[in-house]
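Reading through the structure tokens given below for one structure.
Each chain gets a letter, A, B and so on, in the order the sequences are listed, and its residues count up from 1. These values consider heavy atoms only, across backbone and side chains, with no hydrogens, waters or symmetry-generated copies.
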Protein chains: 2
Amino acid sequence: MEPATKQADTAAARPGPCSRWPDESVEIIRDVLDRAGDKWTTLVIAALQNGPLRYTDLQRAIPGISQRMLTLTLRQLHRDGLVTRTAYAEVPPRVEYALTNLGVTLLDIVVSLIDWAGAHHTDIKDNRRRFDAGQVR
Amino acid sequence: MEPATKQADTAAARPGPCSRWPDESVEIIRDVLDRAGDKWTTLVIAALQNGPLRYTDLQRAIPGISQRMLTLTLRQLHRDGLVTRTAYAEVPPRVEYALTNLGVTLLDIVVSLIDWAGAHHTDIKDNRRRFDAGQVR
DNA sequence: CCGCATCCTGAGCGATACTG
DNA sequence: CAGTATCGCTCAGGATGCGG
């Protein structure tokens with residue numbers, strides 16, 4: 001497709017996937033990307049798709065998660081403004097987590113990702129099997 | 001695999017975000033999700049959006065990646081059938097990587113994610129600053 | 001030029017026990 | 001109920017060097 005001879009004068013502009021944004025933003029975008037694509041983040045966001053949930057409800061909604069990771073993930077999400085944390089001063093105490101508007105915008109993508117995984121995991125399992133059998137093409 | 005009879009105690013039948021699919025698939029979906037949301041995977045997929053690239057081109061297109069991670073990520077993607085690996089028996093050798101059809105389906109989501117990060121990283125940076133300043137609400 | 005193998009470090013994560 | 005604190009351990013991943 002592309003002749004490799006253009007590498008001489010492209011010192012200023014990086015031909016990368018992030019080239020749409022100024023260089024300074026790239027780190028942050030990476031950071032955001034890392035957080036958003038994170039395993040637990042994805043699952044927590046998805047778990048909140050039908051409305052607010054309490055801490056223990058979340059823990060039950062996400063089978064494999066440990067207390068530590070749930071707490072950490074929720075704090076990150078709260079810090080980033082993706083979820084709200086509402087503590088009711090009651091006895092017994094009650095804390096609810098819910099998606100913010102920003103969180104909802106991410107939800108769409110997260111749902112897409114989960115759907116994708118659900119739709120193609122069979123193909124992928126198959127591909128892996130074939131690859132492991134004989135180093136295909 | 002596992003006996004279908006005694007499974008009741010752990011996370012067998014929990015109403016979670018993945019409850020749309022049979023329980024056996026959940027692990028695999030998790031696995032796929034983990035892979036698909038992976039930092040380097042995302043960037044590699046995005047880097048290939050405009051067509052095939054050679055190994056070193058990919059390395060240049062993704063500034064922070066190490067050889068090890070690039071090799072590993074590419075092998076995973078190849079194994080999962082998301083990219084093709086074509087080695088030309090030339091001197092000097094040339095190897096090109098390209099998205100498969102399956103890879104392209106993931107590309108859409110990956111692009112969405114990157115766009116999302118690009119669109120909201122300012123908000124998020126702001127949110128973080130505010131959170132760190134005083135433990136807001 | 002392409003890519004794999006090895007070594008090594010430390011961050012991430014799970015398990016457990018403890019407070020408000 | 002909703003977290004925090006501490007301890008280990010695994011393993012992601014960077015640096016280096018070799019092989020095709």
Decide, yes or no, whether a salt bridge links Asp38(B) with Arg35(B) under the criterion of side-chain N to carboxylate O below 4.0 Å.
no
Got Asp132(A) and Arg79(B) here, is their nearest side-chain heavy-atom distance under 4.5 Å?
yes
Find the distance Asp34(A):CG to dA12(D):P and express it as a whole number of Å.
14 Å
Annotated protein contacts, base or backbone, on nucleotides 4-20 of chain C with a non-hydrogen cut-off under 4.0 Å, one of B, S, - each:
BSB------BB--B--B
Between C1' of dA2(D) and CG of Asp57(A), the distance in whole Å
12 Å
Rounded off to whole Å, could you give me the CD-to-P distance for the Gln76(B) and dC11(D) pair?
14 Å
Does a side-chain heavy-atom distance below 4.5 Å link Val111(B) with Asp115(B)?
yes
Show your reasoning for whether side chain to side chain contact (heavy atoms under 4.5 Å, CB included) applies to Tyr97(A) and His78(A).
CA-CA 9 Å; Tyr97(A) 294 91; His78(A) 184 209; 5.7 Å; no
Does a side-chain heavy-atom distance below 4.5 Å link Thr71(A) with Tyr55(A)?
yes
Round to the nearest Å and state the distance from Glu90(A) atom CD to dA2(D) atom C1'.
13 Å
Lys/Arg N to Asp/Glu carboxylate O, Asp34(A) vs Arg30(A), below 4.0 Å:
no
Just how far, in rounded Å, is P of dG14(D) from CG of Leu70(B)?
11 Å
Rounded to whole angstrom units, what separation is found between the NE2 atom of His78(B) and the P atom of dC2(C)?
17 Å
